[in-house]
Each structure stands twice: as C-alpha cells, then as structure tokens.
Amino acid sequence: MAAPRMDILRFATAGSVDDGKSTLIGRLLYDSKSIFEDQLESVERTSVDRGEEYTNLALLTDGLRAEREQGITIDVAYRYFATPRRKFIIADTPGHIQYTRNMVTGASTADLAIILVDARKGIQEQSRRHAFLTTLLQVPHLVVAVNKMDLVDYSEDVFKGIVDEFTSFASKLSIGDLAFIPVSALHGDNVVERSMNMPWYDGSSLLHHLENVHIASDRNLIDVRFPVQCVIRPHRSTDPALHDYRGYAGQVAGGVLKPGDEVIHLPSGLTSTITHIESPNGPVEEAYPPMSVTIRLADEIDISRGDMICRPNNQPQVAQDLDAMICWMDDAKTLAPRTKLTLKHTTRTVKAMVKDLQYRLDVNTLHRDETAESLRLNEIGRVTLRVTQPLFVDDYGRNRLTGGFILIDEATNATVAAGMISNPLR
C-alpha cells in the first residue's frame, strides 16, 4: 500500500524592518532540527565575526552577502523543511517599503502569511500594508505573530492591545482565517514549543498551528481547470504502444479529474473523455490541485500549449478585455494607458495593451486616487487591459491560478507587474 501524500504548506513572512522575520524562521529551522551542522557552524562563525554574543539565527535565511553585511532582508529567500506531519516552503520577504514587489512575489502562491509585529512598537504602517496585500492576493490564512515579547516582560496587556488594534483594522479587509500568537523568536517562546513565560496564553505554538491549519478546502475542487503545458508524443521504434501515444501535460489548476470524465477542450469546443491520468510515479485514479499530471483522451483533438481542458457545463470565461488589480514592479518605467506589454496567463502568452487606468490605490489608507495617470514602482492600481487572443479566465477570488497573470516587458523580457483579474469583460 502506497504511503499517503504528505501535503505541503507554503507560507510567507512579512512585517516591518527589524521585526524579526529572519530570526523567527531561523528559530523554526533550528528548533525543528531542520538545518545541517555545517550550516549552523557557518552561522556561528559569522555571528562571532560580527561580535554578537549569541548565534544569530537570522543568518540562516539572509543568504545574500549584502543582507548579512547590512543585517536586512533584500530578496525573497525560500527555505524548505519538514516535520512528521507536513512539508513546508517558506518565503521570507523583505520588510522595507521599496521591496513591496518582493512581498507580493512571495505571498502570491502562499497558503498562509505570517505578519510579524514588534511588541514594543505595535502595529506599524508596513504591518497594515502587508495585511492589505495578503488579502488582495487572497492568501487564505493569516497569522499575526507578536514578536519580542521578552522585551515587554511577556505582558498580556501589551499583547491584547495589539490584538485589539489589528482586529479593528482587519475589519475593513476580507480576512478568512486570522490567528494571533505571542512569540519571542530570539528565545524560542511559542515558536516550536509552548512557552512557560506566558501562562496566560492558552493557544498553540506557531509550529503547531502551521502543522494543523486546514488547507485542503482552500483549493478549488469544484471548477475543473487544466491548462495544457505541453503535448507529449514519445516515439520509439521498439515499442509499438508508443506510436499512438498522445498525452497532455500540465498542472491541475482546479477541480478533480478522473478517468471516464467528460471534458471539453478550449478554444475548439470539442468534447472527449479522459482515458488515463499519469503522474511522475505512475497512473493515478484522480488528479487535483496542485498535482502535475499527463492526461490522455479518447479522441484525437488538435490541442497545444496554452489551451484549456475543463468540464462542458463548467467553463471559464473567454475574455479579451480584462479588469484587474495590478502591482507594478518595474523601477525603470511606469505603467500608463497605451502601454504595450506581454501577458502570461497560466500556460498562454499573449500581447496586451493598457486601455485604461481607473485608479491608483493607497494601500495604507485604502483611498482610491482616480486622477492618477500612471503607476510607479510598488504602486497598486486598477486597470483595463486588451489582449490579442482570448484567454480562459476566472475571477481571482474564485481561482488564484486562472485569475492571476504577470506582465512582461517586451524589450527586456523582465517581469514588470503581477495582476489579479477581478472582472473579466467578454
């Protein structure tokens, strides 16, 4: 009998500068015994070289030399670890306001976001900014980790004050699951093990919460969406069975697929039946997000990269005009009406033009500036785009994979924006 699939929790950390994000992740890795001895020795040496009195666990994630020298996080640092209950992918994102684009990158695929708050400083502007961005990106679960509790004598009143202030702000946002945990990343209080220094706190430790938060229902298992990444046609003269093999590979973006299911191909509108579903480990009886599989159909249909397989009675919208929220990530250029870009949506890449900038959003006050004429680095606004070929899209709130896209500069091939479709226009 095959071992059950261990699910993966992707989570991002965010917060103001020096709130202790890197230290918290370092503590998670260290206390859960998820680092190698040579990594620890390297961090210990660097800590001594910097004249620090203790092993600086933040250095486990601040991998860039510039980060170590400045003591800050610049880029998104990805780390991987596992416990007997679950595997984890961590995106440690920068706290500086000029790196908002990096925070968007790290949180865009996250199941959960941890926003760190310094117990001494309380809710800062960046705390509000990152909370708003996590809700804009539809991150299903949010944890507010009130850090440095050791510096406020583990005060229950300080913790409750921050909880009340953040709860009041969060009432303006659409947050599905919100939890508050008082921690000291430096000393390990409530990070992996429950702390004896805060007997008034009766919740779980951070790691226990991460291990047990329910994420299965976060996936869209209703709307079948299978963007085709490539067509597999193996040929081997010694194996006649491969002569007629035609498979369609990709990652399941929504719903559950099983052999025998009737499906429809877009854009042709032709229907067929699934005969086989194959994973890297062999045939499977069903496929669901975020599995990567190869699907074989009963009929030969002209299918290519960028096409979509879905259910006949449950299809995405086919649109060439898109109404979307945009986070602009380019420091060299601005986004303005008539700007021409390349748009990548699931596995389809098309040309696009900005038809209209409806407003620029102040993520601190949530004020809409309808007089704005452009978006600059790290600014967020609502735009209307026109694409050269129809896209098969859903509202971002319903499906983050088929509702999200990136914009690419045609000249430099650099990613310049992330977009979330809020209202497809046919």
Side-chain angles (χ1 to χ4, degrees), residues 4-15 19-21 24-34 61 76 78-93 103 106-117 127 130-147 149 159 162-163 166-167 170-171 173-185 188-195 198 201-222 252 254 288-291 396-401:
R5 280 171 54 94
M6 186 183 293
D7 64 352
I8 299 174
L9 176 76
R10 299 171 181 264
F11 69 92
T13 60
D19 278 348
K21 297 180 298 299
L24 179 72
I25 295 174
R27 175 62 65 182
L28 267 175
L29 297 173
Y30 180 74
D31 283 2
S32 63
K33 298 178 174 56
S34 299
T61 55
V76 181
Y78 290 96
R79 292 294 179 269
Y80 309 87
F81 76 105
T83 68
R85 294 186 62 91
R86 182 171 270 172
K87 295 178 181 178
F88 300 94
I89 300 175
I90 316 169
D92 182 21
T93 67
M103 189 270 168
S108 61
T109 58
D111 304 302
L112 179 146
I114 301 174
I115 295 181
L116 264 79
V117 175
S127 310
H130 287 153
F132 170 73
L133 290 172
T134 57
T135 57
L136 181 68
L137 293 164
Q138 303 278 335
V139 180
H141 306 277
L142 182 61
V143 174
V144 177
V146 182
N147 192 26
M149 289 296 295
F159 176 68
I162 291 172
V163 170
F166 193 92
T167 302
S171 64
L173 306 174
S174 176
I175 300 177
D177 175 36
L178 178 61
F180 296 89
I181 302 175
V183 301
S184 169
D189 295 287
N190 285 336
V191 179
V192 171
E193 302 289 344
R194 286 281 303 277
S195 171
M198 289 175 275
Y201 173 70
D202 58 2
S204 63
S205 69
L206 177 61
L207 182 61
H208 184 270
H209 183 83
L210 296 176
E211 285 182 323
N212 291 279
V213 65
H214 185 66
I215 60 172
S217 58
D218 298 334
R219 319 277 191 218
N220 185 327
L221 301 178
I222 299 171
V252 183
Y288 46 85
M291 290 174 63
Y396 186 82
R398 187 167 182 89
N399 190 315
R400 292 166 73 189
L401 291 173

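No hydrogens, no waters, no symmetry mates; every other heavy atom, side chains included, goes into these values.
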Measuring from atom [atom1] of [X] to atom [atom2] of [Y], what distance do you get when rounded to the nearest 0.5 angstrom?
{"X": "L116", "Y": "H130", "atom1": "CG", "atom2": "NE2", "value": "11.5 Å"}
{"X": "L136", "Y": "S108", "atom1": "CG", "atom2": "OG", "value": "11.5 Å"}
{"X": "R86", "Y": "I8", "atom1": "CZ", "atom2": "CD1", "value": "10.5 Å"}
{"X": "N399", "Y": "N220", "atom1": "CG", "atom2": "CG", "value": "5.0 Å"}
{"X": "L142", "Y": "F11", "atom1": "CG", "atom2": "CZ", "value": "13.5 Å"}
{"X": "D7", "Y": "H214", "atom1": "CG", "atom2": "NE2", "value": "9.5 Å"}

Close side-chain approach of [X] and [Y], heavy atoms under 4.5 Å:
{"X": "V192", "Y": "S205", "result": "no"}
{"X": "L24", "Y": "L206", "result": "yes"}
{"X": "L210", "Y": "L28", "result": "yes"}

Could you list the donor-acceptor pairs under 3.5 angstrom formed between side-chain atoms of residues 173-184 and any protein atom two or more places apart in sequence or on another chain?
residue: D177; atom: OD2; partner: H141; partner atom: ND1; Å: 2.7
residue: S184; atom: OG; partner: D150; partner atom: OD1; Å: 2.9
residue: S184; atom: OG; partner: H187; partner atom: N; Å: 3.4

Got a donor-acceptor contact below 3.5 angstrom from the [X] side chain to the [Y] backbone?
{"X": "T13", "Y": "I114", "value": "no"}
{"X": "R85", "Y": "N212", "value": "no"}
{"X": "R194", "Y": "Y201", "value": "yes"}
{"X": "N190", "Y": "S195", "value": "yes"}

Given the rule in the side chain to side chain contact (heavy atoms under 4.5 Å, CB included) test, do H209 and V143 qualify, once you have shown the distances and angles that lead to the verdict?
CA-CA 9 Å; H209 183 83; V143 174; 3.5 Å; yes
Taking all heavy atoms of [X] and all of [Y], pick out the closest pair and write down the distance.
{"X": "P140", "Y": "A110", "value": "CD-O, 3.9 Å"}
{"X": "S127", "Y": "I115", "value": "O-CD1, 4.2 Å"}
{"X": "A131", "Y": "F166", "value": "CB-CZ, 3.7 Å"}

More than 12 non-hydrogen atoms from neighbouring residues, nucleotides or ligands closer than 6.0 Å to CG on D202, yes or no?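 No, CG of D202 has 12 or fewer neighbouring heavy atoms, counting only those of other groups under 6.0 Å.
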- Message: Can you confirm whether H208 is buried at NE2, in the sense that more than 12 heavy atoms of other residues, nucleotides or ligands lie under 6.0 Å from that atom?
- Response: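 At most 12 heavy atoms, drawn from other residues, nucleotides or ligands, come within 6.0 Å of this atom.
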L207 vs V191, test: side chain to side chain contact (heavy atoms under 4.5 Å, CB included). Steps then yes/no. CA-CA 6 Å; L207 182 61; V191 179; over 6 Å; no
*Could you walk me through whether R400 and V139 pass the side chain to side chain contact (heavy atoms under 4.5 Å, CB included) test, one step at a time?*
CA-CA 9 Å; R400 292 166 73 189; V139 180; 4.1 Å; yes
